[in-house]
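Below you'll find the structure, written out as structure tokens, and then a few comments.
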Amino acid sequence: MGISVMESESVAILCGDLFHDILGRLDGTTLATAACVCAAFCSISKQEKIWENVCHSLWPCTNRDDVRSLILSIGGYRKFYSDCFPLIVNKDVCLSHWDPSLDYPEGWAEAEYYGDLDVFKSISPSDFVSIVDVIYKGKSIYSKVLWGIPDSDSINGWFRNCPFRVDLLTNSDREHDHHEVTLSVDDGLPSVTCIERERKDGKLWKELCDGIRLSWIIVNKKLKQAANISSWIPLGGQRHWPTDRDFLIRFGSILPAKDILPCQVAECILVMKFRVALITDGEGNQTTLELTELSLQLEDMEGSHVNGRNSLLVLKEALNCRRSKNYSEVLESCHIYSKVQSELKEEKMRNESRLDRLCLLSGIAAFFSFCYYVL
């Protein structure tokens, strides 16, 4: 028995709705792969609503009305995902980039040495938006959107030449929000009965590092570009710093700084610090961690803070940096930077040691010359 045209259309509509429902449940990577299967999947996967749902599930901040308007103004959710899901990779790091002749003359400030670049005049701190999400074991524990760079009103004053730093968790914010960001056993933390035991087995520290994720997306409204400057997964950290109750976790990326810094690269350092607010006791109180710090800063190869002026230039360059969905490449990029940084420090120590020996020999020679003259 043949199928009528109307029945065929009904089946096609049913299949289309079914396909739409199935594809709408996929994550971004799987959705992009499914788009290559057939023309129908490809057509459905181009719909903004599907990518909007993908972004909402990955970055809770994108569900806000103001962020939604921002994303639509820079090209939509599909473009936003393709810009911000792959992480920044910069393997172009080597000692040959560090030219000693470019070191700042004594007494000169970094900005004075490089002078005023025309490109800097077109950059404003208000152009940048930070979209930050902290996830623990798939659950959002903290989200914040920062419009502009805090305390940067005096762009030609202290901000320009002072170390660049963005703190999301300030005391004023806590007083305004009237709540603290915490993690507990209910969120999946292991129970800790005493700090001494945690110091030995490190179970709480391991669970925290394995489960915590950080996304820090920088958007330039004027350029309509975005990039995720976080490594998503922790790159390292230090437990019990500076006290037994503090856990410091580091995220970040290696950003290009060609013609901005002498070393041609900058390290983006994202620091997250938790403090043990409560340990499990006999009264039913459970282990609780409080998020006490979440900050962003940039450092050069020598570990010096990058100033506000150059930081804006570096962040602008990061929007065009190479990205990869392969996390091993991201780790390799950071490891290469750390290796070169260590080699640079060792070379600097050797040079200082040779200089000290020369100074000592010169001093000895001067002493004997003086004695010979006296005698």
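Along the sequence shown, residues are numbered consecutively beginning with 1. Computed from heavy atoms alone, side chains included, the values below leave out hydrogens, waters and symmetry copies.
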Is there a side-chain contact (heavy atoms from CB on, under 4.5 Å) between M272 and L270? Walk through the geometry before answering. CA-CA 7 Å; M272 182 187 298; L270 306 174; over 6 Å; no
Do [X] and [Y] have side-chain heavy atoms sitting under 4.5 Å apart?
{"X": "I149", "Y": "F159", "value": "yes"}
{"X": "L72", "Y": "F80", "value": "no"}
{"X": "V132", "Y": "L296", "value": "no"}
{"X": "R250", "Y": "L248", "value": "yes"}
{"X": "N90", "Y": "L255", "value": "no"}
{"X": "W232", "Y": "F85", "value": "no"}
{"X": "F128", "Y": "L146", "value": "no"}
{"X": "L319", "Y": "V219", "value": "no"}

Going by distance alone, is a donor N or O of one side chain under 3.5 Å from an acceptor N or O of the other, for S324 and N326?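 No donor-acceptor contact under 3.5 Å links the two side chains.
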Return the [atom1] to [atom2] distance between [X] and [Y], rounded to the nearest 0.5 Å.
{"X": "L168", "Y": "E293", "atom1": "CG", "atom2": "CD", "answer": "10.0 Å"}
{"X": "S253", "Y": "L87", "atom1": "OG", "atom2": "CG", "answer": "8.5 Å"}
{"X": "N228", "Y": "L58", "atom1": "CG", "atom2": "CG", "answer": "8.5 Å"}
{"X": "R165", "Y": "H305", "atom1": "CZ", "atom2": "NE2", "answer": "7.5 Å"}
{"X": "R68", "Y": "C61", "atom1": "CZ", "atom2": "SG", "answer": "15.5 Å"}
{"X": "I74", "Y": "S69", "atom1": "CD1", "atom2": "OG", "answer": "11.5 Å"}

Residue pair [X] / [Y]: nearest heavy atoms and the distance that separates them:
{"X": "V306", "Y": "L261", "value": "CG2-CD1, 4.0 Å"}
{"X": "S311", "Y": "N307", "value": "OG-O, 2.7 Å"}
{"X": "P256", "Y": "E317", "value": "O-CB, 3.8 Å"}
{"X": "C263", "Y": "D300", "value": "SG-CB, 3.9 Å"}
{"X": "E48", "Y": "R78", "value": "OE2-N, 3.2 Å"}
{"X": "D167", "Y": "S295", "value": "OD1-CB, 3.3 Å"}

Tell me if a side-chain donor or acceptor on Y327 pairs with a main-chain N or O of I233 at a distance below 3.5 Å. yes
Sidechain-backbone polar pair: S338 side chain, C334 backbone, donor-acceptor under 3.5 Å: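 Indeed, once roles are kept as given, a pair shorter than 3.5 Å links the two residues.
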Start with the C-alpha gap between Y77 and I50, add the side-chain angles, then the distance that decides, and say whether side-chain contact (heavy atoms from CB on, under 4.5 Å) holds. CA-CA 9 Å; Y77 281 94; I50 286 186; over 6 Å; no
Under 3.5 Å donor-acceptor pairs involving side-chain atoms of residues 183-190, not counting sequence neighbours:
| from | atom 1 | to | atom 2 | distance (Å) |
| --- | --- | --- | --- | --- |
| S184 | OG | D186 | N | 3.3 |
| D187 | OD1 | K139 | NZ | 2.9 |
| D187 | OD2 | S184 | N | 3.0 |

Single-linkage hydrophobic cluster, 4.5 Å side-chain cutoff, L278 and F274 together: no
Name the residue from R239, R245, K203 that meets the salt bridge (Lys or Arg N to Asp or Glu O under 4.0 Å) definition with E198.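 It is R239; the other options fail the test.
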Flag the pair [X] and [Y] as a salt bridge only when some basic side-chain nitrogen lies within less than 4.0 angstrom of an acidic carboxylate oxygen.
{"X": "D66", "Y": "R64", "result": "yes"}
{"X": "R197", "Y": "D201", "result": "no"}
{"X": "R275", "Y": "E180", "result": "no"}

Over 12 non-hydrogen atoms of neighbours within 6.0 angstrom of CG in D210: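 Counting other residues, nucleotides and ligands, CG of D210 exceeds 12 neighbours.
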Residue K137 excluded, over 12 heavy atoms near NZ under 6.0 Å: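 Counting neighbours around NZ of K137, more than 12 heavy atoms of other residues, nucleotides or ligands fall under 6.0 Å, so yes.
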If we check side chain to side chain contact (heavy atoms under 4.5 Å, CB included) with Y142, which of these qualifies: L214, L294, D133? L294
Would you say the ring centroid of W216 lies under 6.0 angstrom from that of F251?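 That pair fails the under 6.0 Å test.
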Stepwise side-chain contact (heavy atoms from CB on, under 4.5 Å) check, H240 with W205: CA-CA 9 Å; H240 312 311; W205 167 251; over 6 Å; no
Are I141 and I212 close enough, and set up right, to give a side-chain contact (heavy atoms from CB on, under 4.5 Å), and what steps lead you there? CA-CA 10 Å; I141 64 170; I212 203 73; 4.1 Å; yes
